[in-house]
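Okay, structure first, notes after.
Labels below follow one simple rule: chain letters A, B, ... track the order of the sequence lines, proteins then strands, and each chain is numbered from 1.
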Amino acid sequence: MEFLTSKSDLSRTLEMVLHIVPPKTTLPVLSNLLLDVKKDSITVISTDLDTSVSTTLAGEVKKPGMVTVPARRLGEIVRLLPDKPIHISLQDETRIQIECGETKYRIMGIVEEEFPKIPTVQTRERLQLPAAMLRRMIAKTMFAVSRDETRPALNGVFWRIEPRRMEMVATDGYRLARMEKTGEFPVKGKKEFLVSPKALGQMINLSDDSEEMVDIKVDNNYLVFSFGGTVVYSRLLEGPFPRYEQVIPKDNNKNMITDRAAMMTSCRRVAILSDSLTHQVQVSVRKGAVVLKSNTPDLGEATDRLEAEYDEDEMDIGYNATYLADILKNIDGDRAKFRLDTPIKAGIIEPVEQEKDEHHLCLLMPLRLAE
Amino acid sequence: MTGKIHVLPEHVANRIAAGEVVERPASVAKELIENALDAGAKEIEVAIEESGLRSILIADNGAGMSEQDAPIAFERHATSKIESAEELERVGTFGFRGEALPSIASVSQIEMVTADNEGTGLRITLRAGEIESQEPAPRTHGTTIVVRNLFFNTPARRNFLKSDRAEERRLRRVVIAHAFADLNVSFRYVRGGEEIFHAPAGESLQARVSRILGARIGDTLVEVSGSEQGPSVAGLVSNIDSTHANRNYQYFTVNRRPVEQSLLTQAVTVAYRDLLAPRRFPAVFLSLSIDASYVDVNIHPTKREVRFAPERAVFSAVQASVRRAIRSEKSLPSFWPQRGGATTTLSPGSPRVEPGPPGLPLSGPAEWTYSDPHHPESRQGESPKTEAPDTVAEGDVVAPESWIHRVDLGNVRQLGNTFLVATGRDGIVVVDQHTAHERILFEETIDRIERSPGDSQQLLFPETVEVDPELLTIAEEYEDPLEKSGFRVRPIGPRALLLEGVPAGIREGDPAGFLREFLEQLVRESGDEKSRSRRVAASIACHGAVRAGDSLNPEESRALLERLLHCDQPLRCPHGRPTFLSISLDEIARRFLRT
């Protein structure tokens with residue numbers, strides 16, 4: 001195995017693959033990158049077994065071959081190399097030589113046989129979706145994914161694609177975020193899968209701010225998407241994702257509309273004196289106003305008030321301030337609409353103005369205040 | 001002048017005897033089930049209304065009674081089961097004293113329909129022990145007896161009863177205990193018209209346990225069998241990973257007779273010693289076969305306790321067989337030390353499960369004790385298994401304030417991802433990170449709960465929690481304290497709860513497990529609101545605390561130790577385990593033979 005490449009090309013490639021490399025692992029080869037050099041291509045692959053990234057590297061192949069090389073070490077090496085052509089070659093079975101100008105490294109790799117095989121996806125159906133749309137949908141839902149490892153079904157974003165409608169949903173059991181998009185989607189029937197946030201993060205990173213299309217293939221076990229020479233393989237999470245449609249209230253008719261950013265700031269203001277465990281703030285909807293309040297004995301109390309459009313029964317509702325602020329941060333627009341029912345029912349929070357072809361909705365379960 | 005002493009009329013004597021035999025609805029059920037079994041019944045149905053006080057119906061397909069025998073059965077010491085004192089030595093039937101029926105009859109209204117193989121059947125009704133009517137009534141062989149308005153004529157006795165739910169629980173335990181004692185008899189239990197379980201004859205013990213108490217218990221049992229000498233022991237016990245917060249799931253049978261026996265409880269406790277976290281108890285379904293002449297069942301009118309002639313032999317047979325079963329490969333935990341999830345984490349330093357107060361778990365005294373560094377012995381536990389230097393023993397306790405100044409917080413290191421080590425002016429401090437964090441969270445949580453009790457985080461996806469009927473009744477009975485603690489639950493069906501809200505502030509994890517644990521603890525002790533909030537706090541603390549094996553960086557280690565030292569009671573976790581030990585310079589010097 002032998003090839004030539006440039007510092008900038010190699011840096012860019014490593015950037016794509018390095019953050020998949022697991023920081024700690026019991027399987028040493030996972031700390032390595034696979035260099036797969038064919039007559040006409042150089043491919044670099046990293047994996048943590050659940051997600052794998054494969055990307056091509058521009059360069060000049062002298063001799064095909066394969067080996068794995070310690071990922072982080074290679075990253076550090078490349079970062080400090082001079083800006084000159086880099087010559088990488090395999091000396092014997094696992095010793096890799098890196099030459100650049102006057103700098104020379106010999107680094108021990110691991111034979112490629114030990115590197116996990118990249119999964120193949122059992123489907124012919126390919127799906128192309130605009131990168132920008134995906135980025136937006138991911139960003140508007142991923143924040144609600146549960147990080148609680150004991151509830152694996154909530155550890156991903158649920159993604160459903162139908163011919164005329166697509167949605168992503170995430171929840172941690174206390175709040176939920178859903179983004180729906182209408183349009184024409186090139187699928188036959190309905191596709192549903194649960195994707196890890198890590199893979200979706202890759203999708204965001206890869207496509208950056210590009211407007212191009214992402215190529216997607218999915219079967220029962222894997223989601224594979226490719227974009228500009230990089231392919232991400234992600235093992236789908238096992239559900240079942242909860243039946244969220246049932247918990248989205250249909251008859252929350254008490255609408256309160258207020259300034260989104262002001263409400264978020266207000267929530268953060270009063271949260272400073274909320275209980276450190278429950279983060280509870282009391283949201284009191286009044287005619288024409290909303291009052292936020294925290295009261296923690298031994299700590300103190302805070303109130304804030306802002307104008308709001310509200311003309312229904314007055315209510316006091318408890319919310320976890322962290323969740324509330326989080327939702328307000330993640331919805332768009334100047335004004336937020338709270339669709340409420342009773343203080344113990346889920347509240348719906350959504351932007352007042354939405355794009356014609358999309359609907360963003362967040363649900364937040366209240367903290368039931370003790371009588 | 002006539003003498004002052006006279007023989008009591010029979011109805012008075014019966015009512016006095018009733019005081020011994022018929023304490024509560026559960027005792028009625030027990031006596032009548034035993035009668036049914038003694039009559040050779042293969043199918044027994046127990047149906048009750050309102051904890052059994054309103055009515056208890058027991059129907060069997062046993063031998064039944066003839067028209068002549070039926071009225072006599074209600075006379076005192078009338079029995080078909082023994083004829084002479086000698087036979088007492090070898091009693092093979094459950095009853096024999098001839099007290100049960102007349103005693104029950106004297107404090108209730110009874111309707112009995114019975115028929116033997118020849119007879120046409122007889123319906124007999126009694127009120128306060130007096131026969132009110134007798135008439136022929138068709139029936140196939142067997143007896144159906146309905147006891148109504150128990151204690152209607154002894155209101156004082158009624159006052160000694162616990163709540164309806166508690167009484168129903170006891171009664172149910174009696175039925176369940178008999179169902180486990182004889183797998184060849186089918187048992188059906190109906191409460192308020194709703195079938196709680198129906199266990200067909202001939203199923204395996206495990207199937208019956210799963211049917212009655214749920215697969216959660218049934219699926220985590222290992223088999224106990226045989227014994228080389230002495231009595232034979234057979235049945236099922238929990239594997240050491242699947243234990244419970246009380247002894248409610250312990251059922252013992254001696255020669256097919258359900259017993260509550262401290263000797264047996266202790267033998268099991270000893271068998272599990274060193275293997276369980278403090279105050280965790282295994283489920284036990286054991287049956288002993290002992291030559292009837294070695295068992296004295298006549299030491300108490302209710303025969304709840306029995307006495308064994310070779311006590312030692314019984315004890316060691318039980319202990320040895322259980323020990324063998326749980327040491328077998330099937331019972332070993334998958335990881336050691338176990339991580340995550342359950343609170344039954346095994347850790348090398350776990351104190352033994354104390355032999356504890358035996359007897360009816362439901363009436364057992366409170367066992368939940370809190371750490372009190374000034375009275376470490378109040379824990380009623382034994383010393384930890386590892387011979388840890390008992391530096392937190394009474395004499396050594398140092399006021400927390402002074403610790404803060406004595407420990408060098410600038411240099412706290414983690415040891416084996418489990419302990420924190422710091423040096424101080426006077427020696428070395430070793431802290432168990434899990435128990436220490438538990439203590440910290442406990443005090444914080446207590447504080448919070450006492451400030452604002454009952455705040456409940458509502459769940460977006462209410463969770464169905466499978467519980468056995470036992471826990472379900474408790475959930476109903478303790479609805480108020482549950483709510484005050486922040487739980488919102490609703491029963492759905494005979495063996496499930498819908499969990500709609502959890503105490504605000506509990507972190508991640510397994511809310512269903514938390515609820516179950518909490519309910520089990522509620523059974524184990526009654527207590528006022530304050531002690532309950534302490535319990536929630538302890539559970540929250542335990543569920544939220546870092547565990548052994550979690551890696552902490554130096555800043556986290558330091559913060560943990562600092563917060564611990566600021567606690568009111570930094571020396572024990574809320575479950576009574578030590579949080580830290582110290583090794584003094586003197587001690588170190590002594591080890592180096594410098595003194």
Contact origin within [X] toward chain B - heavy atom pairs under 4.5 Å:
| X | value |
| --- | --- |
| A/Gln246 | neither |
| A/Thr171 | side chain |
| A/Leu176 | both |

Item checked: A/Ser284 side chain to A/Asp316 side chain, donor-acceptor N/O pair below 3.5 angstrom -> yes

Item checked: With A/Glu245, the salt bridge (Lys or Arg N to Asp or Glu O under 4.0 Å) member among A/Lys250, A/Arg178, A/Arg160 -> A/Arg160

Notebook entry, point to check: Charged N to carboxylate O below 4.0 Å: is that the case for A/Glu350 and A/Arg339?
Noted result: yes

Item checked: is_close_aromatic(B/Phe461, A/Tyr244), centroid dist under 6.0 Å -> no

